[in-house]
Amino acid sequence: MSTEAIAAEKPKRNYNALFGLTLLALLVLLWVILSLSTSSFASANNISNLLRQGSMIAILAVGQTFVIITGGIDLSVGAVVGFATVIAAMLINAGIPVFLAILITLLVGVAIGLFHGFGIVKMGLPPFIITLATLTSLRGIGLLMTNGNSISINNDAFQEFSRNSFLGVPNLFWMVILVGIPAYIFLHHSRWGRYLFSVGSNAEASRLSGVNVQRTIYMAYTLSGLCAAFVGVLLASRIGIGNPTQAEGWELQAIASSVIGGTSLFGAVGSVHGPLLGAFILATINNGANLLNVNAFWQRIITGVLIIVIVYFDGLRRRGGK
Amino acid sequence: MSTEAIAAEKPKRNYNALFGLTLLALLVLLWVILSLSTSSFASANNISNLLRQGSMIAILAVGQTFVIITGGIDLSVGAVVGFATVIAAMLINAGIPVFLAILITLLVGVAIGLFHGFGIVKMGLPPFIITLATLTSLRGIGLLMTNGNSISINNDAFQEFSRNSFLGVPNLFWMVILVGIPAYIFLHHSRWGRYLFSVGSNAEASRLSGVNVQRTIYMAYTLSGLCAAFVGVLLASRIGIGNPTQAEGWELQAIASSVIGGTSLFGAVGSVHGPLLGAFILATINNGANLLNVNAFWQRIITGVLIIVIVYFDGLRRRGGK
Amino acid sequence: AEVTIPIIVKDTTSFYWQIVLAGARKAGKDLGVNVPELGAQAETDVNGQISILENAVAGNPAAVVIAPTEAKALGKPIDEAAAKVKVIGIDSGADSKAFTSFLTTDNVQGGRVAADGLAAAIGAANGGKVEGKVALITALPGAGSLEQRAQGFKEQLKAKYPGLELIADKYADGQATTGLNIATDLITANPDLKGIFASNLIMAQGVGQAIAENKLAGKVGLIGFDSDEKLIKFLNDGVISGLVVQDPYRMGYDGIKTALAASKGEKVEANVDTGANLVTKANMKDPKIDALLNPKLK
Amino acid sequence: MTSTAQDLHPAPVLEPGRTILELRGLEKKYPGTHALKPVTLAFKSGEIHAIVGENGAGKSTLIKLLTGVMPRTSGDVIWEGKPAALATPHEAMALGINAVHQEVVLCRHLTVAANMFLGEENSRFGILQQRAMVKEAQKIIDDLGFDLPAHVVLGDLTIGQQQLIAAARATVRGTKFLIFDEPTAYLTRKEADQLFTLIRRLKSEGVTIIYISHRMEEVFELADRVSVLRDGTLVGTRNIAETNDAELVKLMINRSIEQVYHKEHFTPGAAIVETRNLSGKGFENVSMTVRAGEIVGLYGLIGAGRSEFVTTLYGRHRKSAGQMLWEGKPVQVNSEHDAIKLGMALAPESRRDQGLCLNLPVGLNLNLPIYKRISKNMLISGAQEKTQADRQIADLRIKTPTRHALASSLSGGNQQKIVIGKWLAHGAKLFIFDEPTVGVDVGTKAEIYRLFGALLSKGAGIILISSYLPEVYELADTLHVFRRGKLVATHGFRTADHEEILTQALAEKQEKLGGKI
Ligand SMILES: Nc1ncnc2c1ncn2[C@@H]1O[C@H](COP(=O)(O)OP(=O)(O)OP(=O)(O)O)[C@@H](O)[C@H]1O
Ligand SMILES: Nc1ncnc2c1ncn2[C@@H]1O[C@H](COP(=O)(O)OP(=O)(O)OP(=O)(O)O)[C@@H](O)[C@H]1O
Ligand SMILES: [Mg+2]
Ligand SMILES: [Mg+2]
């Protein structure tokens, strides 16, 4: 049905690039409209804000995309983000060097991802269920650790990071680039990326071709857990607290960004640039609605409608383009 | 892989009944343990409470199961419940007879289900996306209608209903029976039920065999929407207010109940009694934890772990029983 | 056997309610009462709280202390519970006449106090002129106490501070980050914004971050509600102009104490106001205020 | 030197020629099915060894054990003199054992080139050499004489073309031992010839080949030796020169068949369906008539548009022009439902994608079209559900423990019987069989052909699509030849010879034909 992906091979590349362009065009269109309709949108300051606001969901969406390409889903990412803020905050407050604290937090994310892989591969659980269970439990564990309290991080340098910019671009957005480029190379130009697609397309065929399907699945969830833990570190830096109830619902935002970016929930279709664009489209909608002082309730309605419209037209294009 | 459902065919029936029994045994085991470890669990009063508490998720889980059997998912049910409380509250407060108000609310649920069917069948959207979009938008619409406030329902008789019992059994539980029996007959003994399974297994093959696939999908989502709206009416009766933010996260509880009850998220596997048992197992865990004064945070952790354990053993049994 | 008095709060995952629970715990220890700590896991989970109340009553306690999430919705269940045990209300009201005693912060009053605090901060920053644009950020729609704070805030602005113009009344989704984003965008859209009221803990954390991030401490006044370590730090740094602080610890402690007395048939006061105080950098060292800011947890 | 193990499974007596792979007491039990009883067999380096047997005899199971897809229950596999565990496909491939599996198992979302190199990608510094791989893949494809682009997405190709790719990819992996499990099932003669050329070339390079097929003439054309499996037991191995068709069939099904192509002639009755200049996606201007009591055969190469034509008749796709008459009256068929109501039945070409609900019971699959009829007052009659399903299972000799077994647990040929069987109880006036005997054993084929006779005798008409010329040739009363979406020639029963039909289907020389109507 769907003509698809693997952007890197030639005719595909043109095609996918085109889709990237369609989305990019949408994003630019939104920007132009907002620049014309509000005085403040196009200010350097606001653009910085916008980049910051979209960054975290963008990184989550990239991790989520790896999982979705294999035909799975990771509902736990929001909970992992919240949990990671707690871990990072506790470690930093315990006086552990920031660098080490971040490393340990990332390893926790990796461990959670490995656990998901284990549940899926060894225990035969559906991804939806194992990650749903983690979502539930992880918030509980975080709440136990903090007793419902927020942990105030007593390290100003750590907090400065997410506020500052480098070459005029907010550090948070640099982090998107830091994640995005290796992710792009990994997904579109390495054999591991190729295996993510092949497993999502036909796990049995991949296995028969000698692809280590189990390892590929472990890898996808580990990367998603890693991205989520990384976002947790960034969030801890940005809001300066560790709190396990934060980032609630971000999993759905990440999934929505990914799908808006052209990822197919049936697996085997997706890219890295798509989810990034998807996340910034959603961030722009929220930013614009705030600037225009649109009622918060309308924002929800508009977001829902836009998700339907974008995914519908993407589907049309996909079928038509065949 | 998965050995199959459709309780009505004979050795299947025995087999499925056996699975029903396994779950039932688990439920009874929980009850026995709780009766022994707390003085209050086995009281008539508490059993009434327990039945009331599990009822709403149980009904949602039945609707959700129809959808999951077709290979889909309905993330909107929680939002539909919240929205339905608003509709019911507004109508009743506007002086419309309760009976009519309920009917209209149910029709709203049907309309939402039809919209989902439309999105999936005609617009080609993935179920996850269209129902996610509805989830987002519907809460927004409800908030707009209520301006973020709760609507107090000024009809005491309506509220009495969910509080009262009939023959010693809480009315809410009677509602489970009212939904469960037709649902059982529908799913396991009517051809529509068979079509749900066949569409979930292979839509194209069903279609070429003369099954109206589109109508079957419309039907599944409509039933899910209807169940959700019905639960919305019950919730409005129970809490006496209309508030669109209610029932948050109930979609995940409904899905979890359904999966604990043996429904496969890959479609074509499921029953009616399974999700009902699943819902009451989850309700028992919460009820018991409250009675035992287990920390609320531990409750989450336990719920997550139990979901993994139950689904894992169900999977084992399923594969082993082959 | 030991006397059991469960306490049911609105949201066990929030720090504010943890302080209430801590007060109740201390009272339990002091008075030799077993105090199960119960509560929903979100302020909006009305149905969950009703179930918890039902379960608590089923355990045949001496009395129940509850902070109702929703006035109307909890009315009937509280009536029903009161038929079996004494019910003590704390924090927020419910449509029930069955409370034996009621200890509350008036959230509407809290909103008024916030408006006063914001007006004072704006005045101080602008040479005494209390005028300009202000905004209100509410964590979640549909939570009763937050609605009451908003109501009090808006009433007071209208009544006492005609110079302050409420240009935005925004709802977030309970996430600090969303509060941060909304505040940033409001500041961007309204460079002349003078003040913000963030009506609960988590919003104040997010909005405080936005003000710190944009280096607007002292230029944009911010009033928060409730306190924790992070907010006190913001207060110290001048990022937050003031916090409306209730006395959750006392609510918990006195709730249990009153409940025990009531269960023994002693006469208790029907209504107790535990007060809402405005804390600023100036008064935060007061012993009384300091006790509110640093409740003895555990 | 006698160990118990060797007593049980003595090493087979080797004929001259190095033994490359040896099976000693290889056995496989599925829960409830003893699919392969201990098999002892040696394969010689450089031979083409055919394996034949009924559906469900255990052929694919044997292959799955050899390629590490499934773990064996017991027994040993000796590869070049050393025992091999063969626990994973990767291990088998590392040894040089590759297979083209029975159902096309490739990734339809990946490109042809990506599929060919799957698991064996060329990369430099961790970066895939994509351009080089596409180029190399294209070279291999061109070399083999397949006319296919390497950069398109696999899912855009027809099943047959995908099958060719599957064959091509197995050859590029340092293969010493290559297994084909019914590779020609979806191929026409031309593609089959291309494949045979490939197989012979591999043989000359010293590759050992196992060739599984239900088509006897292919076995005689290609193989050096042939082994026969019956019910999981190896019943004999023969040198091809020392055996014949009849002996093999006898070994396979334990009885003899005089005539596979059972053909009954009836006088054609009234027209059931007639198309006038019907056009649609993949075909244009097709006019034909199907009468009661006749088999209309459609022959053509892969992608000639026959499937598209019949699925359009059946309402699955929209026609773009032309007219359709049902029993003389113009009709509009807008959905499968309309078609079924008129009296059409379609057994589609891909049982996996279109024919079966694989993870549902056999009984449900068989009853799917008739649930309306066996329901009363909305409820299904359990008794009828049982009798209907059991009757089809008995009539068609579907090899399944009970009607409750999942369709996926049946062997390929038995699955095919379900696809056909579901329409028999339903009844119809026009039966459309799209490649009905793909993967079906000789015995069953004969049964299916007899079934055609029975349907015709009841006054039904049949459209039979086959890419296997002998089949349509021997069965069709009217044989239409399709080429590139057009109906290019029509013949009566045995009025043209194979050569002529093949040329028409191929028609390398432009429009020389077409007159022969
Ligand atoms: N996964 C499985 N689980 C249970 N039984 C199986 C499974 N796969 C195959 N079988 C059974 O094992 C037997 C042998 O099947 P196999 O696929 O090897 O037959 P085959 O000789 O390849 O037949 P065909 O010619 O139809 O392809 C059959 O009875 C089949 O039903
Ligand atoms: N989904 C599709 N989209 C676009 N073109 C298609 C599609 N399916 C088939 N085609 C094209 O339509 C033409 C007819 O294909 P069809 O499958 O009907 O051929 P066929 O004669 O039945 O061959 P086969 O023996 O492979 O079944 C071919 O050129 C094919 O590539
Ligand atoms: Mg086979
Ligand atoms: Mg075809």
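So you know, we letter chains A, B, ... as the sequences are listed, proteins then strands, and number each from 1.
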Do you know which two heavy atoms are closest between Asn147(B) and Phe297(A), and how far apart they sit? C-CE1, 3.9 Å

Using only non-hydrogen atoms and a strict under-4.5 angstrom cutoff, which residues of residues 300-310 of chain A touch chain B? Arg300(A), Ile301(A), Thr303(A), Gly304(A), Val305(A), Ile307(A), Ile308(A)

Taking every non-hydrogen pair under 4.5 Å, which of Leu125(A), Ile73(A), Leu75(A) racks up the most with chain B? Leu125(A)

Contacting region of Leu144(B) [heavy-atom separation from chain A under 4.5 Å]: both

For the OH atom of Tyr312(B) and the NZ atom of Lys122(A), what is their distance to the nearest 0.5 Å? 11.0 Å

Can you tell me which portion of Leu252(A) sits under 4.5 Å from chain B's heavy atoms? Options are side chain, backbone, both or neither. both

What are the residues of residues 126-139 of chain A, in order of number, with any heavy atom under 4.5 angstrom from a heavy atom of chain B? Pro126(A), Phe128(A), Ile129(A), Ile130(A), Leu132(A), Ala133(A), Leu135(A), Thr136(A), Ser137(A), Arg139(A)

